[in-house]
Amino acid sequence: MGGGEPLDTKILQLAGTIKEQGLASLVIPLLDVLQVWGFVGSQLLWMAAPLIGGTSTTMLAEIMEEPGALQRLQHYLLEGEPQP
């Protein structure tokens, strides 16, 4: 793992990218499935990362293996950024 950024910052970045691409309505239901398979999926992404490349692959793998992170991503996509 690593990257130096806090996980919530990475989740917000990913949520912003998903919204910018107009994929939020597609991704939100998929997050329910990913929450069940999150850890296994993250391990597959870690193995595929050298072949796929890109920081988004490792960022997604990191988010998927953290309990509750996919729920926070889904919340950010539905509700927006949390207010301080």
Side-chain angles (χ1 to χ4, degrees):
M1 267 194 289
E5 291 181 63
L7 188 59
D8 278 340
T9 302
K10 292 178 182 182
I11 294 170
L12 286 171
Q13 287 175 347
L14 183 58
T17 301
I18 291 168
K19 285 182 177 183
E20 286 172 9
Q21 299 294 323
L23 299 173
S25 61
L26 176 68
V27 171
I28 290 169
L30 290 176
L31 288 173
D32 289 327
V33 174
L34 286 177
Q35 288 178 39
V36 174
W37 293 98
F39 183 77
V40 173
S42 71
Q43 299 308 303
L44 292 172
L45 281 175
W46 282 119
M47 289 188 292
L51 302 172
I52 298 171
T55 58
S56 60
T57 304
T58 56
M59 182 189 306
L60 182 58
E62 196 172 332
I63 290 170
M64 287 176 65
E65 73 182 3
E66 177 68 31
L70 290 174
Q71 289 176 330
R72 292 195 307 270
L73 175 59
Q74 191 173 40
H75 176 78
Y76 295 160
L77 290 172
L78 288 168
E79 306 292 329
E81 256 182 78
Q83 299 301 315

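Counting begins at 1 with the first residue of the sequence. Small disclaimer: the values here were computed from a predicted structure and weren't measured.
- Partner of M59 under the side-chain contact (heavy atoms from CB on, under 4.5 Å) criterion, chosen from T17, L45, L14: L14.
- When all heavy atoms of L30 and L26 are compared, the closest pair comes out as CG-O, 3.5 Å.
- A donor-acceptor contact closer than 3.5 angstrom is absent between the side chains of W46 and E62.
- Cluster annotation: V40 and L31 are assigned to distinct hydrophobic clusters (Ile/Leu/Val/Met/Phe/Trp/Tyr, side-chain heavy-atom contacts under 4.5 Å, transitive).
- Hydrophobic cluster membership is shared by V36 and V33, with clusters built from Ile, Leu, Val, Met, Phe, Trp and Tyr side chains linked at under 4.5 angstrom.
- Here the CG atom belonging to L78 is positioned 4.0 Å from the CD1 atom belonging to I28, to the nearest 0.5 angstrom.
- Here the NZ atom belonging to K10 is positioned 11.5 Å from the CG atom belonging to L60, to the nearest 0.5 angstrom.
- In this structure, the separation between CE on M64 and OG on S42 is 6.0 Å, given to the nearest 0.5 Å.
- The line from CD1 of I18 to OG of S25 is 11.0 Å long, rounded to the nearest 0.5 Å.
- Between L77 and A24, the closest heavy-atom pair is CD2-CB, 4.3 Å.
- Between the CG atom in L12 and the OH atom in Y76 there is a gap of 5.0 Å [rounded to 0.5 Å].
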- Message: Using the rule given for side-chain contact (heavy atoms from CB on, under 4.5 Å), can you reason through W37 versus L44, listing the C-alpha separation, both sets of side-chain angles and the distance that settles it, and then say yes or no?
- Response: CA-CA 11 Å; W37 293 98; L44 292 172; over 6 Å; no
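- Rounding to the nearest 0.5 Å gives a distance of 5.5 Å between CD of E66 and CG of L7.
- Note: the hydrophobic cluster containing L70 also contains L23 (ILVMFWY, side chain heavy atoms under 4.5 Å, direct or indirect links).
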- Message: What verdict does the side-chain contact (heavy atoms from CB on, under 4.5 Å) test give for D32 and Q74, after you've listed the backbone C-alpha separation in whole Å, the side-chain angles of each residue and the deciding distance to 0.1 Å?
- Response: CA-CA 9 Å; D32 289 327; Q74 191 173 40; 3.2 Å; yes
